Number of protein chains: 2
Amino acid sequence: MARTSEGAAGARPTIRDIARVAGVSKASVSYALNDLPGVSEETRARVRATATELGWRPSAAARSLSRARAGAVGLAVARDVRLLEEEPYYMRFIAGMEGVLAREGVSLLLSVVPDVDAAVEVLRDWWGERRVDGVVLTDLRVEDPRVALVAELGIPCAVRPGVDDRLPGGERPGVPVEAERRSFVEVVDHLVGLGHRRLARVAGPREFLHTRRRDVAWAEVTRSRLGREAPVVVADHTSAGGLAATRDLLARAGPPTAVVYDNDVMAAAVVAERESLGVRVPEDLAVVAGEDSMLCRLASPAISCLHRDVVADGAQSARSLLEVVLGRRSEAVVFEPHRLVVRGTTSTG
Amino acid sequence: MARTSEGAAGARPTIRDIARVAGVSKASVSYALNDLPGVSEETRARVRATATELGWRPSAAARSLSRARAGAVGLAVARDVRLLEEEPYYMRFIAGMEGVLAREGVSLLLSVVPDVDAAVEVLRDWWGERRVDGVVLTDLRVEDPRVALVAELGIPCAVRPGVDDRLPGGERPGVPVEAERRSFVEVVDHLVGLGHRRLARVAGPREFLHTRRRDVAWAEVTRSRLGREAPVVVADHTSAGGLAATRDLLARAGPPTAVVYDNDVMAAAVVAERESLGVRVPEDLAVVAGEDSMLCRLASPAISCLHRDVVADGAQSARSLLEVVLGRRSEAVVFEPHRLVVRGTTSTG
DNA sequence: CTGAAAGCGCTTACAG
DNA sequence: CTGAAAGCGCTTACAG
């Protein structure tokens, strides 16, 4: 209750101090503080009170060493700094993870590196030094070296639910492709309902697994809805790339009247540059973004998009990972696919 | 050279193994691997080779325990998730920190919490369990409880150079206010040069220390350049807040012809909603954003702004922190203030 | 230059 | 229910 003066700031109390003050052994202190059987309720209460009074906190290092567990998980974001600026995404994802991790007293190590190879090095270091008990992988690439590493070293690992593909050997059901399909059905039906027949898609780099999955879904959905596969142009997720790809599409014979972009940045760039592209939006060109963001909301016209609950995704990734790491079952996975949000770029409001 | 099969994946080699294989004591191994005197060059080489061969990596927990150092620093971002979405800022800042930390083998713990009080709890936990050796504080508030905590517990700490104020007792020179002044001089001179006489500013919440400093600088600069203090309306950094504040300003007698916003989101919202606000940009209203981002670049017209090198800021913060934590002098601080970037919202290009 | 030993702060069988 | 003891993997005086 009373704040005891614990002496110099440097002198952290240890369980040894607690044992001495409470008049029990170190072992009993450990049992009491960890809610393990082996001590009477009376002793437990006394130990707890003493710990509080001394302002004791477990040493992460000591605990980590004796438990052979880091008490931390890692997220290594592999993305060019230039693209990072365009990605408000991750902070929200992290906030979602945080909520789940904090509850279990697990810390989050974050690394932001320019590419996958650098990420591999980070993962190797983290795991080699046991700084983490597991990792979350995002933006999985085709033949991703991180996946190989994780498999080789047996690093517990989770991916983004419904966004990145499952890992080899992972038990996660193959929902992702199905999710992309559902999303595109919604988008395509919406556009067809508005009278569009010539659709196109500006995709992200083919190195991303989710780009590949979207390719498959897009082909299927447009074939089934329009009778033929609608064209796809690959770009690099940047505004310049999105513009170039769009120019390419508009220069074709029978240019598209509606374009679906794999992310928000490319769509926003096109809406911003509509004049120089020589189109009115949505009259000449309807635009749909593959991700939602401020960019979509503050564009004029505001951009229709596939929206996800990113915070929930982060929470789910953390949950999956802890399940593996702590070997604990958690709440059922409520899988939430993209949801179409209709705004000015696909409606004449 | 040859990858020796180290047996089961779970069996990490320790210095004990190295000592056995190399035929020396554990102490010698430690000296050799840490580049300390006390071993012959020949022994050092043999030990190193053995370590490599066995695939040894130091145990972060063991090292941390015996060195009484976590080998990690923390960044606790205190910001509402809702605002986070509007802030692509942090990932770049973190990428900047990363570059510096990685070189020293220091990990970054990240926490994203909704408010300052939650951040205090995180800092208390981190430091209590010695998960970090120090922390970086951002978005300092007036009477910030984190500053009090850091002082009370003696947590090594750094702030963003030129953005957040120095800490009490910190040695960092008081450049920040001067930096804001220089920035506003540039902005105001630019606007006055375009013929504007009625300026106004939409500020962020007064709880932020940097808002207060900008208040001072804005008052000084407008008084000296215009002969009177230009008005300021406080908003909350959100698009809705920015719009409301702007409506307020425009409804006044002698409304401003140029408005400077404390961040990018508010400025972008105003540009996006210029029609409903009943103004043309820049003809009726010139707009300047206090931060640069994709939002500014993709607005139409593109938004003039005060631009900073955020990655460099992150690097500098990490450097300052390591200087305190490692007690090591680092490169001189090259302080870079905001730089005015002129775009369509303040020019008739 | 090298080795045996204690210690960092916990956890966890193992005897009483 | 309780205590003495060994161990986690390092570091670091302290003797040879």
Side-chain angles (χ1 to χ4, degrees), chain A residues 6 10-48 50-51 54-72 105 125 127-131 133 326, chain B residues 6 10-48 50-51 54-72 105 125 127-131 133 326:
Chain A
E6 310 119 31
R12 283 160 43 85
T14 71
I15 57 169
R16 195 161 162 279
D17 299 314
I18 299 175
R20 188 165 30 73
V21 173
V24 296
S25 72
K26 276 166 50 187
S28 297
V29 172
S30 180
Y31 291 138
L33 259 18
N34 287 302
D35 277 326
L36 294 173
V39 281
S40 64
E41 274 317 307
E42 190 257 318
T43 303
R44 193 185 301 278
R46 187 151 38 90
V47 167
R48 279 215 189 104
T50 308
L54 294 181
W56 176 86
R57 307 252 28 200
S59 154
R63 193 165 255 185
S64 179
L65 185 59
S66 55
R67 283 189 183 169
R69 172 157 294 171
D125 286 349
W127 184 250
E129 306 181 359
R130 283 301 185 281
R131 290 194 186 238
D133 298 315
L326 270 39
Chain B
E6 310 118 31
R12 281 160 46 83
T14 70
I15 57 167
R16 194 163 162 280
D17 299 313
I18 299 175
R20 188 165 30 73
V21 173
V24 295
S25 73
K26 274 167 50 186
S28 297
V29 172
S30 180
Y31 292 138
L33 259 18
N34 286 302
D35 277 326
L36 294 173
V39 280
S40 63
E41 274 317 307
E42 190 259 316
T43 304
R44 193 186 302 279
R46 186 153 38 93
V47 168
R48 279 215 190 103
T50 308
L54 295 181
W56 176 86
R57 306 254 26 201
S59 153
R63 194 164 253 186
S64 179
L65 185 58
S66 55
R67 283 188 182 170
R69 171 155 296 168
D125 285 349
W127 184 250
E129 304 181 1
R130 283 301 185 281
R131 289 195 185 237
D133 297 316
L326 270 40

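All values reported here derive from a predicted model rather than from experimental measurement. Below, read A as the first sequence line, B as the second, and so on, with proteins coming before strands; counting in each chain starts at 1.
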Check: Reckon A/T43 touches a base, only the sugar-phosphate, or nothing at all at heavy-atom distances under 4.0 Å?
Finding: sugar-phosphate

Next item on the list: For residues B/L54 and B/V21, determine if any side-chain heavy atom of one lies less than 4.5 Å from a side-chain heavy atom of the other.
Entry: yes

Notebook entry, point to check: How close do A/A32 and A/R44 get, heavy atom to heavy atom, and via which atoms?
Noted result: O-NH1, 3.3 Å

Check: Tell me, do A/S59 and A/T14 make a side-chain contact under 4.5 Å, heavy atoms counted?
Finding: no

Next item on the list: Might you point out which heavy atoms bring A/A19 and A/K26 nearest each other, and give the distance in Å?
Entry: CB-N, 3.8 Å

Notebook entry, point to check: Are the side chains of B/R48 and B/D35 in touch, meaning some heavy atoms are under 4.5 Å apart?
Noted result: yes

Check: Taking all atoms of both residues into account, what is the closest heavy-atom pair of B/A22 and B/T50, and its distance?
Finding: CB-OG1, 3.7 Å

Notebook entry, point to check: Between B/R12 and A/W127, which heavy-atom pair has the shortest distance, and what is it?
Noted result: NH1-O, 4.0 Å

Note to self: Does any part of the side chain of A/R16, heavy atoms only, come nearer than 4.5 Å to the side chain of A/V29, both counted from C-beta?
What the structure shows: no

Check: Roughly how far apart are A/S28 OG and A/I18 CD1, rounded to 0.5 Å?
Finding: 12.0 Å

Notebook entry, point to check: So, B/R131 side chain and A/G71 main chain: donor-acceptor pair closer than 3.5 Å or not?
Noted result: yes

Next item on the list: For A/R57, answer base if it contacts any base atom (sugar-phosphate contacts may also be present), sugar-phosphate if it contacts only those atoms, and nothing otherwise; contact means non-hydrogen atoms under 4.0 Å.
Entry: sugar-phosphate

Note to self: For DNA chain D, please output the secondary structure as dot-bracket, reading 5' to 3'. Pairs are Watson-Crick or G-U wobble, both atom distances under 3.5 Å; mark crossing pairs with [ ], other-strand partners with |, unpaired with a dot.
What the structure shows: |||.||||||||.|||

Check: So where does chain A start and stop touching DNA chain D, 5' to 3', when the test is distance under 4.0 Å to a non-hydrogen atom?
Finding: D/dC1 to D/dG9

Next item on the list: Please work out which residues in residues 24-40 of chain A have a non-hydrogen atom less than 4.0 Å from an atom of DNA chain C and list them by number.
Entry: A/K26, A/A27, A/S30, A/Y31, A/N34

Notebook entry, point to check: Considering heavy-atom distances to DNA chain C, does B/G23 or B/A62 have its closest nucleotide positioned more toward the 5' end?
Noted result: B/G23

